[in-house]
Amino acid sequence: MVRVAGEDGPQLFTPLGAFAYCGMATDIAPALRLAKDNGFLDRLVLVVGGECYKAVSELQAAARPVVLPEEMTYRETNPLTGEIRETFCAESVLRRGAAIRAPAGRG
């Protein structure tokens, strides 16, 4: 039997980090709630999609590391005007002081 931190008996290994993919800004709050409710918020790393710059205040408040998308520019089209708006995700996140990690390069 393997025992982990917090259980009776010798600790054989430390629990690994938990990664949660959040493709949209609306995925951030449920991911944080899931981690908090299940006791792994302190080990949570959020892997976010481009739209998640819209939830930067939630990311900042969570104070958890964030892995940014490989495509650092998020592009959206205004449905009324057809105007295309590009946002540099890293700049939005960094300006608010959230902890980020750049994506690993492809081998």
Side-chain angles (χ1 to χ4, degrees):
M1 178 177 211
V2 176
R3 298 193 186 276
V4 298
E7 292 185 0
D8 293 333
Q11 179 178 332
L12 301 179
F13 68 91
T14 302
L16 300 174
F19 290 79
Y21 176 72
C22 301
M24 298 173 51
T26 55
D27 296 337
I28 301 290
L32 293 171
R33 188 170 35 258
L34 176 75
K36 184 177 180 182
D37 291 350
N38 290 286
F40 61 89
L41 182 62
D42 61 329
R43 297 182 287 127
L44 181 66
V45 176
L46 295 165
V47 181
V48 300
E51 182 187 288
C52 290
Y53 80 90
K54 295 177 180 180
V56 73
S57 58
E58 289 178 80
L59 295 172
Q60 182 183 23
R64 300 304 314 143
V66 175
V67 178
L68 294 175
E70 186 173 325
E71 176 59 49
M72 297 272 199
T73 303
Y74 178 71
R75 184 181 260 211
E76 62 186 332
T77 304
N78 183 317
L80 298 176
T81 65
E83 179 184 342
I84 297 173
R85 183 176 129 196
E86 289 187 343
T87 303
F88 185 58
C89 304
E91 180 181 14
S92 299
V93 173
L94 284 171
R95 212 176 317 133
R96 296 293 293 272
I100 66 165
R101 302 289 182 268
R106 293 189 180 171

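The model shown is predicted, which means the values in this text are computed figures rather than measured ones.
- The distance from atom CG of N78 to atom CZ of R85, rounded to the nearest 0.5 Å, is 9.5 Å.
- To the nearest 0.5 Å, atom CG of residue D27 and atom CG of residue L34 are 12.0 Å apart.
- Across every non-hydrogen atom of T77 and G82, the tightest pair is CG2-O, 3.6 Å.
- Closest approach of K54 and A25 over heavy atoms only: CB-CB, 4.0 Å.
- Between the CZ atom in R75 and the CD atom in E51 there is a gap of 16.0 Å [rounded to 0.5 Å].
- For the pair L44 and A35, the tightest heavy-atom approach, listed with the atom from each and the gap, is CD2-CB, 3.7 Å.
- Taking CD1 from I28 and CZ from R33, the interatomic distance works out to 12.0 Å, rounded to the nearest 0.5 Å.
- A side-chain contact (heavy atoms from CB on, under 4.5 Å) with L32 is found for exactly one of D37, L46, L59, namely L46.
- Across all their heavy atoms, C22 and C52 have their closest contact at O-SG, 3.1 Å.
- Across all their heavy atoms, Y21 and G49 have their closest contact at OH-CA, 4.2 Å.
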